[in-house]
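Below is one structure, written out as structure tokens; comments come after it.
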Protein chains: 2
Amino acid sequence: MATQGERRAETRRRLLTAAAELFAERGVDGTSIDAIAERADRTSGAVYDHFGGKDGVLIALLDTWVEELGLVIGAELSTATTLAERLAVLWRNVSEPVVGGDRWISLELELWAHAARNPDAREHLVRRYRGAWKGIVELAGRSGDASPEVGPAVIGVLLGLELMRRVDPASVTDELAVAALVGVVAGTSRPDLDPQTTGATAR
Amino acid sequence: MATQGERRAETRRRLLTAAAELFAERGVDGTSIDAIAERADRTSGAVYDHFGGKDGVLIALLDTWVEELGLVIGAELSTATTLAERLAVLWRNVSEPVVGGDRWISLELELWAHAARNPDAREHLVRRYRGAWKGIVELAGRSGDASPEVGPAVIGVLLGLELMRRVDPASVTDELAVAALVGVVAGTSRPDLDPQTTGATAR
DNA sequence: GAAAAAGGATAGGACGTCCTATGTATCTCG
DNA sequence: CGAGATACATAGGACGTCCTATCCTTTTTC
């Protein structure tokens, strides 16, 4: 016989997976709380009880995924030796994620768009990604090439390339993606690049 | 005395600028047609008459900006000589756009997220960017380094880095962005890179 | 076994949005 | 100058959403 706590945990899982599907299908704003509850064979009251509202569902969903994804990536990274291999691991886990399937990138985009105009969400997002990056670096072990500052930029390139790949799949090959990532890492770990030859100016 | 056509043109402009402001402030889904009309000192009837609905407003807005942006970029590119300089021009026009101010990137993200689950929007987006890229390449003139295939990937990196810069401004310097872009171009225009050393596999 | 607490169902009100149908003032053109 | 076309306003119905208040059922605690 299932205890109350077990049932509650299952309700939470059902609500989260239902929300993940619906958010990806119709977008966050296009998904009603009632729709989430209905797909989970629950009612809206359960959603409010568990997450307090739609924003709570979104945050919980992404936090869960980022955590799991960080673990997976960290594990794979420990077996990679070269920089390119490590970056390929990152790219593979974004373009063909084991965790969360195709959906989580769509959700990420929604959240970033949301964060671009909401200071609270922005702060949450920054903390979350910095933490994830830190965890990845630690799990990867002795990687002198992955200085902490590259983290955000690497993530930015990963998201941007995946975004493009979703719209125009043929345009972003794996080789291309890895080459771009190598470029990013090289850009920060080799500040000796001559600004005059790059044409870039400090902001 | 303003003619009818002139008044119509002004109404169109007012509606578009109002929509741009509101979309950036509250997001596309969070903006009602009535709110757009109200800020433009018009009524919802005018919006429907001009654009047929909210999607029409969004498309018209982005098409206008992409067109103008393409012209600006093309003009600046003609004075750039090295590859890095050209890529720096691209980055500058994304991170500090003259056209559309800060808003258009936010809108782009919304549209991409929308396109990720809407085939029609996806097709429109692909056409628009391919056209814009083609125009840029032509305006830039004899650039053998900018092969047509890099276009989408370059745009993806631009968007991704700008996305990250908006959330965490200090994390993406201009030098870093240009270095990443150089990496992308190098990745496609030099297919002689050994896949085994990069760790990437063909999909 | 009784009391307390928790998980969840149900119903409904307040609100906002989309979009259409119709009205009206202004312009265009024969 | 008068008829038609144009540009936009106005009003309102249908719909969906959020969230609260209240109730019932099951589990835990003493």
Side-chain angles (χ1 to χ4, degrees), chain A residues 1-61 107 110-111 113-114 117-118 120-121, chain B residues 1-61 107 110-111 113-114 117-118 120-121:
Chain A
M1 189 185 308
T3 77
Q4 245 182 19
E6 285 166 354
R7 172 158 176 84
R8 183 168 181 78
E10 191 200 336
T11 295
R12 182 189 158 92
R13 278 193 301 271
R14 295 181 69 113
L15 289 174
L16 281 181
T17 60
E21 295 172 10
L22 287 169
F23 284 168
E25 289 172 14
R26 314 177 191 175
V28 174
D29 285 301
T31 300
S32 74
I33 290 191
D34 286 331
I36 297 173
E38 188 183 1
R39 184 168 294 202
D41 280 322
R42 294 295 185 275
T43 59
S44 64
V47 178
Y48 287 103
D49 188 36
H50 276 268
F51 305 104
K54 197 152 65 171
D55 285 359
V57 177
L58 183 59
I59 300 271
L61 203 51
L107 268 185
E110 298 248 11
L111 188 65
H114 188 70
R117 59 176 177 272
N118 185 325
D120 288 348
Chain B
M1 189 185 307
T3 77
Q4 246 184 19
E6 285 165 353
R7 170 157 177 83
R8 183 166 180 83
E10 190 201 336
T11 293
R12 183 188 157 92
R13 279 194 301 271
R14 296 180 68 113
L15 288 174
L16 282 180
T17 60
E21 294 172 10
L22 287 169
F23 284 169
E25 289 172 14
R26 313 178 191 174
V28 174
D29 285 303
T31 300
S32 74
I33 290 192
D34 286 331
I36 297 173
E38 190 183 0
R39 184 167 294 202
D41 280 321
R42 295 290 187 277
T43 58
S44 66
V47 178
Y48 286 102
D49 188 37
H50 276 267
F51 304 105
K54 198 151 67 171
D55 286 358
V57 177
L58 184 59
I59 302 268
L61 203 52
L107 270 185
E110 298 250 9
L111 187 65
H114 189 69
R117 59 176 179 273
N118 183 327
D120 288 347

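Per chain, numbering begins at 1; letters A, B, ... match sequence-line order. Not measured: the values here are computed from a predicted model.
Of the candidate nucleotides D:dC8, D:dC18, C:dG8, C:dG8 has the atom lying nearest to any side-chain atom of A:R42. Nearest nucleotide to the B:K54 side chain, out of D:dA7, C:dG8, C:dC18: C:dC18. For A:Y48, the side-chain atoms get nearest to D:dC18 when compared with the rest of C:dG8, D:dC18, D:dA7. Among D:dT10, D:dC8, C:dT10, the nucleotide with an atom closest to any side-chain atom of B:A46 is D:dC8. The nucleotide whose nearest atom lies closest to any side-chain atom of B:I33 is, among D:dC18, D:dC8, C:dC18, C:dC18.
Rounding to whole angstrom units, CG of residue A:L15 and P of C:dG7 are separated by 13 Å. If you take CD of A:E38 and P of D:dT17, they are 10 Å apart, rounded to a whole angstrom. The nearest whole Å value for the distance from the CD atom in B:E10 to the C1' atom in D:dA7 is 13 Å. For A:R26 and D:dG16, the CZ to P distance is 12 Å, given to the nearest whole Å. Residue B:I36 contributes atom CD1, which lies 11 Å from atom P of C:dT17 at whole-angstrom precision. Rounded to whole Å, the distance from CZ on B:R14 to C1' on D:dC8 is 13 Å. The separation between A:D29 atom CG and C:dG16 atom P is 17 Å, rounded to whole Å. One atom, CZ of A:R12, and another, P of C:dG8, lie 12 Å apart when rounded to the nearest Å.
Scanning both residues, B:F23 and B:V28, for their nearest heavy atoms gives CD2-CA, 3.8 Å. Across all their heavy atoms, B:A37 and B:L15 have their closest contact at CA-CD2, 4.2 Å. Looking at every heavy atom in both residues, A:R12 comes nearest to A:A60 through NH2-CB, 4.2 Å.
Using a cut-off of 4.0 Å between Lys/Arg side-chain N and Asp/Glu carboxylate O, B:R8 and B:D49 are scored as salt-bridged.
Taking five base pairs at each end of the helix from C:dG1-D:dC30 to C:dG30-D:dC1, the local helix axes there meet at an angle of 10°, rounded to 10°.
Contacts of A:S32 with the nucleic acid, taken as non-hydrogen atoms under 4.0 Å apart, involve only primed sugar atoms and P, OP1 or OP2.
Exactly one residue among B:I33, B:L16, B:I36, B:L58 makes a side chain to side chain contact (heavy atoms under 4.5 Å, CB included) with B:F51. That residue is B:L16. No option in B:R7, B:R14, B:R13 other than B:R14 meets the salt bridge (charged side-chain N to carboxylate O under 4.0 Å, His left out) test with B:E10.
The phosphate of C:dT26 has neither OP1 nor OP2 within less than 4.0 Å of any side-chain N or O from B:R7. Note on B:S44: every side-chain N or O is 4.0 Å or more away from OP1 and OP2 of C:dC19. Between A:H50 and C:dG7 there is no side-chain polar atom (N or O) within less than 4.0 angstrom of OP1 or OP2. Listed pair A:T11 / C:dG7 fails the phosphate criterion, with no side-chain N or O lying under 4.0 Å from OP1 or OP2. Regarding contacts with the backbone of D:dT6, every side-chain N or O of B:R8 stays at 4.0 angstrom or more from both OP1 and OP2.
When each of A:D34 and B:G53 is assigned the nucleotide of DNA chain C with its nearest heavy atom, A:D34 is the one assigned upstream, toward the 5' end.
Put simply, the side chain of B:Y48 does not reach to within 4.5 Å of the side chain of B:K54, judged on heavy atoms.
A:T31 places no side-chain N or O within donor-acceptor distance of the main-chain N or O of A:R26, the cut-off being under 3.5 Å.
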